[in-house]
Trainee: 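Here you go, one structure.
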Amino acid sequence: MTENTGHPANSYYTATAHKLAPQPALTGDQRADICIVGAGYTGLGAALAFAERGLSVIILEAAEIGSGASGRNGGQAHSGQRRDQDYLENLVGLDGAKALWAMAEEAKAHLKDLIARYWIECDYKNGILIADHKPHYVAMSQVYAEKLRTVYGYDKVEAIDKRQLDGLLGASGYHGGFIDHDGGHLHPLNLALGLGRAALDAGVRIFEQSRAVSYEVKGGKALVRTDKGSVSADWLILAGDGYLSGLDAYTEARVMPINNFLLATQPFSDNEARALIANDYAVADSRFVVNYYRLSADRRLIFGGGENYGSGFPSDMKAFVRKRMLKVFPQLADKPIDYAWGGTLGITTTRLPFVRRLAPNVLTASGYSGQGVMLAPYFGKILADVTAATLGEFDRLAALPTPPFPGGRLLRWPTLVAGMSYFALRDRL
């Protein structure tokens, strides 16, 4: 196993990034209206919203802009929350579930608006296909697609049978599914770097290589310390997701870091690429431990699958992910792999985001559980809205139950491994 720090050495995203100039490390004592920990989607989304209000903002980033989950993920923007509407209806009732769906639709529109407003070149494309890996899931997908149309007024989804799926996807082991024409996929690191560029242009000060090691609230101010300096601010936003590393025990008892892995093949010809995914949509399957994949702008297959729950990555990530890829695309046995990398994301017990006010002037949003591409920039905006007393959406999110992992921060690892092992076994049955 190798240590999980900084950018992975062999990421397709870093190799094709629209790089920014390095930002300085924090030294000495600084002052700002807002201090944000983490320069990923949440922190950058919040920083832009704060800057639009004329507030001074400092972001402390332990590595580089977008170096965490925001720059390493599968690049898929799914509609809705991480859990489906049936689950949400049982949890918060039909009206609450409708409100959470509407919020996710706002988040999707917000993401597209950010990309357009700041001219972010991140290869955004519409369309996601959810592929059912068990035959009896197909009828469930048909019912769910109809429910989204009739109950939620979402007419951009359609169920497909195996014949239709086989015409779209050159993969093995699927029986049907549904298409979301208004989902999307993109180059995630270039999205983060585009947001970073916009934040810098708006006057946000971003300090890289500046890990926040502690914070305290005293006299109505938040004081955040790094190993070489400090920031005093009126408001503190913790946006580190799975990378808080001991900064806030309450959050870390509820948000668990797990590692996920991806590869990128050598490019395909146009015809070869269409034989894999005919409509160039992103694909995710119905497994609990999801396989997810899409074509890049230069026609590589980017395939994500497999995860672990320790502090390191497999020593051979190509082999680790390739094994899963070949179960889906056995015809790629001889296709060279150019890149393989991993990243850490935050999950919660319910797979719903963790959004809380930790102190009167300390807010956090994290634990997107794989839904961060679409939700995180908007949740950053919600955190900024709280400072302007726009509490409706924040309070709705803060009311979602996000219990701690059994045993809290110290014992969450064995509990998660046991639970995830059960669901991985269920995928195979």
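All values reported here derive from a predicted model rather than from experimental measurement.
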Trainee: Nearest 0.5 Å, please: how far is CG in Leu111 from CG in Leu186?
Mentor: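 Reported to 0.5 Å precision, the distance equals 6.5 Å.
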Trainee: Locate the shortest heavy-atom distance separating Thr344 from Gly242; write the atom from each residue and the value.
Mentor: CG2-O, 4.1 Å
Trainee: Measure from the side-chain N and O atoms of Arg322 to the backbone N and O of Ala333, and report whether any donor-acceptor pair falls under 3.5 Å.
Mentor: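 Here the side-chain-to-backbone pair exists.
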Trainee: Report yes or no: do Asn271 and Ser269 form a side-chain donor-acceptor pair below 3.5 Å?
Mentor: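 Not at all, the side chains of Asn271 and Ser269 share no donor-acceptor pair under 3.5 Å.
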Trainee: Is Asn291 reaching over with its side chain to a backbone N or O of Met325, donor-acceptor style, under 3.5 angstrom?
Mentor: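 Answer holds: no.
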Trainee: Test: ring-ring contact (aromatic ring centres under 6.0 Å, His included). Region: residues 16-51. Which pairs qualify, not counting sequence neighbours?
Mentor: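 As it turns out, there is no ring-ring contact (aromatic ring centres under 6.0 Å, His included) pair with a partner in residues 16-51 once direct neighbours are skipped.
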Trainee: Report the C-alpha distance between Trp235 and Val386 in whole Å, list the side-chain angles of each, state the deciding distance to 0.1 Å, and finish with yes or no for side chain to side chain contact (heavy atoms under 4.5 Å, CB included).
Mentor: CA-CA 10 Å; Trp235 286 83; Val386 171; 4.2 Å; yes
Trainee: Ignoring hydrogens and angles, tell me if any N or O in the side chain of Glu61 forms a donor-acceptor pair with the backbone of Ala63 under 3.5 Å.
Mentor: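 Answer holds: yes.
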Trainee: In terms of side-chain geometry, is the basic nitrogen of Asp180 or Lys156 positioned less than 4.0 Å from the acidic oxygen of its partner?
Mentor: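 Looking at Lys156 together with Asp180, the answer is no, because their closest N to O distance does not fall below 4.0 Å.
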Trainee: Taking Gln81 for the side chain and Leu100 for the main chain, is one N or O donor matched with an acceptor at less than 3.5 Å?
Mentor: yes
Trainee: Restricting to salt bridge (charged side-chain N to carboxylate O under 4.0 Å, His left out), what partner residues turn up for Asp234, sequence neighbours left out?
Mentor: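 Checked Asp234 against salt bridge (charged side-chain N to carboxylate O under 4.0 Å, His left out); matches are Arg31, Lys221.
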Trainee: Please name all residues satisfying salt bridge (charged side-chain N to carboxylate O under 4.0 Å, His left out) with Glu272, sequence neighbours left out, ordered by chain then number.
Mentor: none
Trainee: State the CD1-NZ distance between Ile65 and Lys19, to the nearest 0.5 angstrom.
Mentor: 13.0 Å
Trainee: Kindly indicate, with the supporting measurements, whether the criterion salt bridge (Lys or Arg N to Asp or Glu O under 4.0 Å) is fulfilled by Glu52 and Arg117.
Mentor: CA-CA 13 Å; Glu52 288 174 356; Arg117 191 189 332 164; 2.7 Å; yes
Trainee: Hey, is the main chain of Ile128 close enough, under 3.5 Å, to the side chain of Gln76 for a donor-acceptor pair?
Mentor: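 Looks like no, no N/O pair under 3.5 Å.
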Trainee: Is Asn259 reaching over with its side chain to a backbone N or O of Phe313, donor-acceptor style, under 3.5 angstrom?
Mentor: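 Side chain of Asn259 to backbone of Phe313, a donor-acceptor pair under 3.5 Å: no, none is there.
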Trainee: Within the 4.5 Å heavy-atom criterion, are Pro22 and Glu208 side-chain neighbours or not?
Mentor: yes
Trainee: I need the minimum non-hydrogen distance between Ala365 and Thr42, along with the two atoms involved.
Mentor: O-CG2, 4.1 Å
Trainee: The test is side chain to side chain contact (heavy atoms under 4.5 Å, CB included); show your working for Leu200 and Gln23 and say whether it passes.
Mentor: CA-CA 10 Å; Leu200 291 168; Gln23 300 302 304; 3.6 Å; yes
Trainee: Using a 4.5 Å cut-off on heavy atoms from C-beta on, say whether the side chain of Val328 contacts that of Tyr293.
Mentor: yes
Trainee: Can you list everything that forms a salt bridge (charged side-chain N to carboxylate O under 4.0 Å, His left out) with Lys108? Sequence neighbours excluded, please.
Mentor: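 Applying salt bridge (charged side-chain N to carboxylate O under 4.0 Å, His left out) to Lys108 gives Glu105, Asp182.
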Trainee: Counting only heavy atoms not in Glu89, do more than 12 fall under 6.0 Å of its CD?
Mentor: yes
Trainee: Let me confirm one number: the OG1-CG distance from Thr364 to Leu236, rounded to the nearest 0.5 Å.
Mentor: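 One finds 8.5 Å between OG1 of Thr364 and CG of Leu236.
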Trainee: Is there a side-chain contact between Ile277 and Asn279 (heavy atoms, below 4.5 Å)?
Mentor: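 Yes, side chains in contact.
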Trainee: Can you tell me how far the NE2 atom of His110 sits from the CG atom of Leu375, to the nearest 0.5 Å?
Mentor: 11.0 Å
Trainee: Any chance you could lay out the salt bridge (Lys or Arg N to Asp or Glu O under 4.0 Å) test for Lys318 and Asp316, step after step, and finish with the verdict?
Mentor: CA-CA 6 Å; Lys318 285 186 180 181; Asp316 188 347; over 6 Å; no
Trainee: Would you check, one step at a time, whether the test side chain to side chain contact (heavy atoms under 4.5 Å, CB included) holds for Lys112 with Asn126?
Mentor: CA-CA 10 Å; Lys112 294 178 180 179; Asn126 279 321; 3.6 Å; yes
Trainee: Taking it one step at a time, do Ser11 and Tyr339 satisfy side-chain hydrogen bond (donor to acceptor under 3.5 Å, both in side chains)?
Mentor: CA-CA 6 Å; Ser11 165; Tyr339 303 92; over 6 Å; no
Trainee: Would you say the side-chain atoms of Arg82 pair up with the backbone N or O of Ser369, donor to acceptor, closer than 3.5 Å?
Mentor: yes
Trainee: Do any pairs count as a ring-ring contact (aromatic ring centres under 6.0 Å, His included) and have a residue in residues 181-222, sequence neighbours left out, and if so which ones?
Mentor: Tyr13-His187, His181-Tyr281
Trainee: So does Leu352 get a backbone contact from the side chain of Thr348, meaning a donor-acceptor N/O pair under 3.5 Å?
Mentor: yes
Trainee: Is any side-chain heavy atom of Asp227 less than 4.5 Å from a side-chain heavy atom of Arg211?
Mentor: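 Asp227 does not reach Arg211 side chain to side chain.
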Trainee: Which heavy atom in Arg225 sits nearest to a heavy atom in Glu216, and how many Å separate them?
Mentor: NH2-OE2, 2.9 Å
Trainee: Output yes when a side-chain donor or acceptor of Thr265 lies under 3.5 Å from a complementary backbone atom of Leu301, and no otherwise.
Mentor: yes
Trainee: Grab the two heavy atoms, one from Ala192 and one from Leu44, that are nearest each other, plus how far apart they are.
Mentor: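 For Ala192 and Leu44, the tightest heavy-atom pair comes out as O-CD1, 3.4 Å.
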Trainee: At what distance, to the nearest 0.5 angstrom, does OH of Tyr292 lie from CG of Asp285?
Mentor: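 These two atoms lie 11.0 Å from each other.
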Trainee: Under a 4.5 Å cut-off applied to non-hydrogen side-chain atoms, are Arg300 and Phe268 in contact?
Mentor: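 No - every pair of side-chain heavy atoms lies 4.5 Å or more apart.
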Trainee: Between the side chain of Asp33 and the main-chain N/O of Ser56, is any donor-acceptor distance below 3.5 Å?
Mentor: yes
Trainee: Who passes salt bridge (charged side-chain N to carboxylate O under 4.0 Å, His left out) against Asp155, sequence neighbours left out?
Mentor: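 For Asp155 there are no salt bridge (charged side-chain N to carboxylate O under 4.0 Å, His left out) partners, ignoring immediate neighbours.
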Trainee: Could you tell me if the side chain of Trp101 sits less than 4.5 Å from the side chain of Leu148, heavy atoms only?
Mentor: yes
Trainee: Kindly give the heavy-atom pair with the smallest separation between Ala297 and Tyr12, and that separation in Å.
Mentor: N-OH, 4.5 Å
Trainee: Counting heavy atoms not belonging to Lys323, are there more than 12 under 6.0 Å from its NZ?
Mentor: no
Trainee: What is the distance from atom CD1 of Ile179 to atom CD1 of Ile130, rounded to the nearest 0.5 Å?
Mentor: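 The CD1 atom of Ile179 sits 10.5 Å away from the CD1 atom of Ile130.
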Trainee: Kindly give the heavy-atom pair with the smallest separation between Leu247 and Val213, and that separation in Å.
Mentor: CD1-C, 3.7 Å
Trainee: Below 4.5 Å, heavy atoms only, C-beta onward: do Val231 and Leu223 meet side chain to side chain?
Mentor: no
Trainee: Report yes if the side chains of Leu238 and Leu358 come closer than 4.5 Å at any heavy-atom pair, otherwise no.
Mentor: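 A side-chain contact exists here, since the closest heavy-atom pair is under 4.5 Å.
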Trainee: Start with the C-alpha gap between Asp385 and Lys381, add the side-chain angles, then the distance that decides, and say whether salt bridge (Lys or Arg N to Asp or Glu O under 4.0 Å) holds.
Mentor: CA-CA 6 Å; Asp385 287 345; Lys381 174 184 175 297; 3.0 Å; yes
Trainee: For a side chain to side chain contact (heavy atoms under 4.5 Å, CB included) check, start with the C-alpha distance between Leu191 and Leu195, then their side-chain angles and the critical distance, and finish with the verdict.
Mentor: CA-CA 6 Å; Leu191 172 62; Leu195 294 173; 4.3 Å; yes
Trainee: Using 30° and 60° as the class boundaries, would you call the ring planes of Phe354 and Tyr250 parallel, tilted or perpendicular?
Mentor: tilted
Trainee: Check each of Lys125, Arg299, Arg274, Arg294 against Asp280 using the side chain to side chain donor-acceptor pair (under 3.5 Å) test, and report the only one that passes.
Mentor: Lys125
